[in-house]
Amino acid sequence: MNTPLLLAGQLVSASVALPVLFWLIVLLLGGSAAAGFLAAYWGDVGRRHTVQSERIQTFVMRSVLGCAVAAALGMIWAAVVYLASCSGAPPIVLDALIWNGPLLPPAMPPLALTLYVDPLAAFFVVIEGMVALGVALYSFGWLAENAQRAGVAAGFNLFVLATVSVLVVDNGFWLLLLLEATTLAFAYLMLYQGKHPSLTGAKRTALRTYLVVSHVSIVCLTVAVVLIGLYAPGGPTLNLRAFRLPGAAMPAAIADIAFVLTLIGLGIRAGLTPFHFWVPIAHPQSPTTTHAFSLGASIKISIYLMIRFFFQYLHAAPWWWGALLLLLGGVTALVNVFYALLWPDLKRSLASHSVENMGIITAGLGLGLLFANQELMAPATAAPGAAAVVGLALCAALYHTFNHALFKSLLYLGTGAIENRTGSVVMDRLGGLMLRYRWTSTTFLVGAVAIAGFPPFNGFVSEWLTIQALFASTSVQLSDLVGGLKMSVMLVMLVVTPALILLAVAFALTALAFVKIAGETLLGLPRDLSIRRSSRRQDVPWSMRLVMVAFAAGCLVLGLAPGLLVPWLTAAVRGIGRDSHALTASPWGLAVETQVKGVSFFAVYSIVPLLLLTGLVVLAFVAVRAQHTRARPSRGPIWAGGERYARASMQYTGSAFSALIWQPQARAVPTLPTTPLPSDLQPAAGHHVTEWFSQLTNRIIGGLLAVSTSIGNQLQGGDIRRYLAYIFLVFVIILLAFLLRQGGV
Amino acid sequence: MADPGWLPIFQVWLPLLLLQMLLYAALAPAVVGLVRWFTARLQARRGASMLQPYRDLAKLLRKPSNLPRITTWFFSFAPGAIFACYLVMGIFLPTVYLPATAQAPALQPPLANWFGLDLIFLIYLLGLARFMETLGSFDAAAQFGSMSGSRQLYLHVLGEPALLAVTYALVQMSHTSNIAGILLRDPGLEWVTALANPALILILLALGAIVLAESGRLPFDNPGGHLELTMIEQGTHLEYSGRVLALVEWANAMKLTFFLALLAGLALPGTLTATPALGALGVALLWFVAKLVVLVFLLSLWEVSQTKLRLRSVAYPLVGALVLALVAVVLLVSAARS
């Protein structure tokens, strides 16, 4: 397929441009990663710590990061050019870039490495590239004095390469292989500071947990891909292009099995609720810079694959798939924002918040999936409205994906800056950081307001869109489905309303959690004087500030000009064959409009009140500041009920602040931690809150271990005759297989 | 922008909306004064004049501030932000005048509603004000501030789902979350039939409970209390003084006024006027003031007969409000189906 594409001002055949760019990026990232690993190994094995070797390490780190910057710029540029060509006023026919390149000998065409880029993939490439670019630039400062700088930079490049390739490959085999590569690259990053004696135990547990859950995930996905491939329209294949073709003849039961397996596989990677436990255990083990990429961007590939599988590869979506996904998203958001309140340190708490946001995105996808199957609608009346709601929900989910990448990366980079300056990320040992580190603290505060979903920042846009999609969905009438029950009433009462309430509580709790996080770390007075004494006086270097300011500015710009992203969103939604007309943008904001049975639902996101709000806030601040400079305000003690009061040590703590939420769930007697995963969280001294899902997982792990031990003891008896019998058995099986094959059975 | 439809917006609508905002901001202290005066009369006290809040504000605005010994810029930033949030909430709530374009049977989305206030935006503005207030209390590093901030957010966590459920019920009624659309679109909101609509009564009851919680009235919080240990609404103001305290107090008065105006608007939307003529505007203004006075009197009557709830028990009325709103949703959905 030779589709012309406007690249660099001239028409280049897409079938040339795409593989050239792909291999360039592979070469840049892969080659630099190899060089970095070599340098790290050389420094490690020889224990060379001379001035010369340190210089070499720094040089390698900088070159590796430079390659990452170049690759990220390249992929952002290409994806933006491509998206711009798809989102013109008359939709251009250019629907996808495809490359069917041979990599393996022609004897194995099913395993050929082929590439496929449509607007959805390009949108995710922009997200990954944006965060990779920010993290790479930031790492120049963050890694500068780090002992493992070359190795971390190399691992980061490999991780970025694996993540981005997952988005563009068009073959099931390569997809699974690259997902495994992502897992391994991140596992390498988790080894960071693994030789530090105080960390090894926790690190080993985290690494083992991560590898085990990733393998359960990949097993489920492999079975799902094989199942879908067996029933692909043009005969059994692993080529994802065939999966996308309409008219798959998959039996409903097989489709349901494939859906559940995919949901488990991708749910584990995204951390959806029964599987959320591993994210705050595993992710914080990686260095804080790459943590920003892993939880800000790389975790989004599970969202990408969910859209691909649920909306494109699995065609017949019964309504309960969407209902399950929607409620799962709501529960994930609520459970994880609750656990996020309990973690004592920034990295774990933010990790739980990432999973919460994955829940919000998944809820959007679930709402889309609920109405995705047109056959269930009464065709004459409800179908157009339903299609509009599907597109709206997808737009909301994609918008939140982008926004989350912006503000979550900002928060992780801020955490990295805090760790870099103070050496600690434990919230109740910090405090008063705003007094010293203005840039870091102010940008972190912007991120906190954005993630809490408040106007005028970007988090508000996507939360508003998600809620409006839920509102719009209730006017869609489904045909009578189950036992004569009116489906719309059932749907409203049983699915959409609980999801709305779950999300509302989660949104409000996020605000509380970020008042706790920002208040305890940034504001007030320093809580631990030893940390204060050992931390540095100056704010982080300019390269790090620049990246944080850029992300913060992005949060504000997308909040005040929400229409900027809409062309890309609608292109992505149209690209997977869904209707995107419900969402329109203008310089004044966004408008949502759906028509069902002559009843029109509409809502408007207007920037007029937002501009007014921003202007008034700035004006009020300037006025108060002017007053204070004209007449310096007197400074005095605070009011403590007339008592003597030591401010620094008697400040309200974050755990006291959130106690109204967690205390009803807390117990005074802890269980002893003998299990691999933490079965309790400790919000304050003497109080323990049960982590139900970790306890459940511990029990499952214990049971499986017992079973596998007993089986293993039976099989591996140590008797030589038994092993000879095994070998004989295998021979018999192979011979039988040959016999059956030659017999043509 | 060449669209001629924009002209009347800038000539008539915008000036009138700005006037409406000034009216709302100016009326706010009087509403608080009136609540206090009614309460005093009902308790057989003489009570201060209803103009007393104006005198207090004037006095505070003349005084320079006194800050805690060490604070960051955020401490003096927060009061302005809170004030801005509550002021913006008022601008887009039609209290007297609603332009004619919005009264057409089918609203014109691109034109009429870019200025309309979305109810979800309102919920998030409330949250933003809370966020700023509690963060400001953290910056003062004083215990009482954060203690009451924690309680404010607890109330907000309980109140936000209820408020969203109320919005959801209103969406079932009017198929929009735009407040102008809600006030004008549904014939069920005419003032004769308002009381005949059981769903609307449930919605108003639920909203009433949320209003009491969000504006810190009894039985959730005692606005006349002076014991720091029990404060919810007032505790975060303890470290402010002088001009910034005036901003915070004024903002709180605007919040109460806003909620009462919202209740009044939903209960009796028919009194808004669409014609920008002086006579009609005057009548609508009188109606608005009358509605406010009645609601203020009801509030005082309610407050003198109530005691404060224990902190843990505040969940019950708010979850009750949520359930009421959901019952309203059920009623409206089944009515739409039949």
Side-chain angles (χ1 to χ4, degrees), chain A residues 434-435 452-455 460 464 467 471 474-475 486 489 492-493 497 500-501 504-505 507-509 511-512 515 518-519 523-525 588-589 591 593 599-604 606 608-609 612-613 616-617 620-621 624 627-628 631 633-641 647 650-652 657 660, chain B residues 64-70 72 74 76-77 80-81 83-84 87-88 91-92 109 113-118 120-121 124-125 127-128 131 134-135 138-143 146-147 150 153-154 156-157 160-161 164-165 168 171-172 175-178 228 238-239 243-244 326 329-330 333-334 337:
Chain A
M434 186 75 94
L435 296 167
F454 288 125
F460 175 59
W464 181 86
I467 295 175
F471 282 174
T474 58
S475 56
K486 295 292 183 191
V489 181
V492 168
M493 294 327 302
T497 314
L500 190 70
I501 304 297
V505 181
F507 290 158
L509 275 177
L512 195 153
V515 171
L523 303 177
L525 296 176
W588 293 91
E593 195 169 17
V599 176
S600 67
F601 170 87
F602 81 91
V604 179
S606 167
V608 176
L612 203 71
L613 177 72
L616 278 172
V617 167
F621 186 52
V624 170
Q627 283 287 339
H628 284 179
S634 57
R635 299 260 179 186
I638 57 158
W639 173 247
R647 282 179 77 199
M650 285 170 71
Q651 292 176 86
Y652 220 52
F657 187 78
L660 282 167
Chain B
S65 308
N66 181 357
L67 299 182
R69 205 160 278 140
I70 300 170
T72 65
F74 190 82
S76 34
F77 169 83
F83 185 79
L87 192 61
V88 169
I91 288 174
F92 295 93
N113 298 302
W114 290 124
F115 294 93
L117 174 64
D118 197 89
I120 297 172
F121 179 55
Y124 276 89
L125 267 184
L128 180 61
F131 191 87
T134 43
L135 264 184
F138 257 109
D139 202 26
Q143 271 175 328
S146 306
M147 197 186 285
S150 155
L153 280 178
Y154 178 58
H156 188 68
V157 166
E160 186 178 312
L164 205 60
Y168 188 49
V171 167
Q172 295 296 328
H175 304 286
T176 179
S177 57
N178 192 302
E228 296 92 343
L238 283 175
E239 294 312 317
R243 293 184 184 104
V244 280
L326 292 183
V329 172
V330 175
V333 169
S334 46
R337 291 283 305 188

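In what follows, chains are A, B, ... by sequence order, proteins preceding strands, each numbered from 1.
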> Of the listed residues (A:Val515, A:Leu616, A:Val617, A:Leu435), which shares the most heavy-atom pairs with chain B below a 4.5 Å separation?
Replying inline: A:Val515

> Given that the side chain runs from C-beta out, which part of A:Val624 has a heavy atom under 4.5 Å from chain B: side chain, backbone, both or neither?
Replying inline: side chain

>> My understanding is that only residues two or more places apart in sequence, or in another chain, count here; which of them pass side chain to side chain contact (heavy atoms under 4.5 Å, CB included) with B:Ala165?
In response: A:Ile501, B:Leu322, B:Ala325, B:Leu326

> Can you name the closest pair of heavy atoms from B:Ser76 and A:His628 and give their distance?
Replying inline: CB-CE1, 3.8 Å

> Side chain, backbone, both or neither: which part of A:Phe460 has a heavy atom under 4.5 Å from chain B?
Replying inline: side chain

>> Using a 4.5 angstrom heavy-atom cutoff, name the option from A:Ala518, A:Pro455, A:Ala603, A:Ala620 with the most pairs to chain B.
In response: A:Pro455

> How many angstroms lie between atom CG of B:Asn178 and atom CG of B:Asp118, to the nearest 0.5 angstrom?
Replying inline: 6.0 Å

> Can you say whether A:Ala631 sits under 4.5 Å from chain B via the side chain, the backbone, both, or neither, judging by heavy atoms?
Replying inline: neither

> Relative to chain A, which segment of B:Phe83 carries a heavy atom at a distance below 4.5 Å: side chain, backbone, both, or neither?
Replying inline: neither

> How long is the gap from OG on B:Ser150 to CG on A:Leu512, to the nearest 0.5 Å?
Replying inline: 7.0 Å

>> Tell me which of these, B:Val88, B:Leu135, B:Val171, has more heavy-atom pairs under 4.5 Å with chain A than the rest.
In response: B:Leu135

> Based on non-hydrogen pairs under 4.5 Å, which of A:Leu509, A:Val505, A:Leu612, A:Leu613 is most in contact with chain B?
Replying inline: A:Leu613

> Closest approach of A:Arg635 and B:Pro68, non-hydrogen atoms and distance?
Replying inline: NH1-O, 2.9 Å

> Out of curiosity, A:Thr497 OG1 to B:Tyr168 OH, how far, rounded to the nearest 0.5 Å?
Replying inline: 4.0 Å

> Can you say whether the rings of A:Phe471 and A:Phe601 are parallel (under 30°), tilted (30 to 60°) or perpendicular (over 60°)?
Replying inline: perpendicular

> What part of B:Glu239 is in contact with chain A, defined as an atom under 4.5 angstrom from a non-hydrogen atom: side chain, backbone, both or neither?
Replying inline: side chain

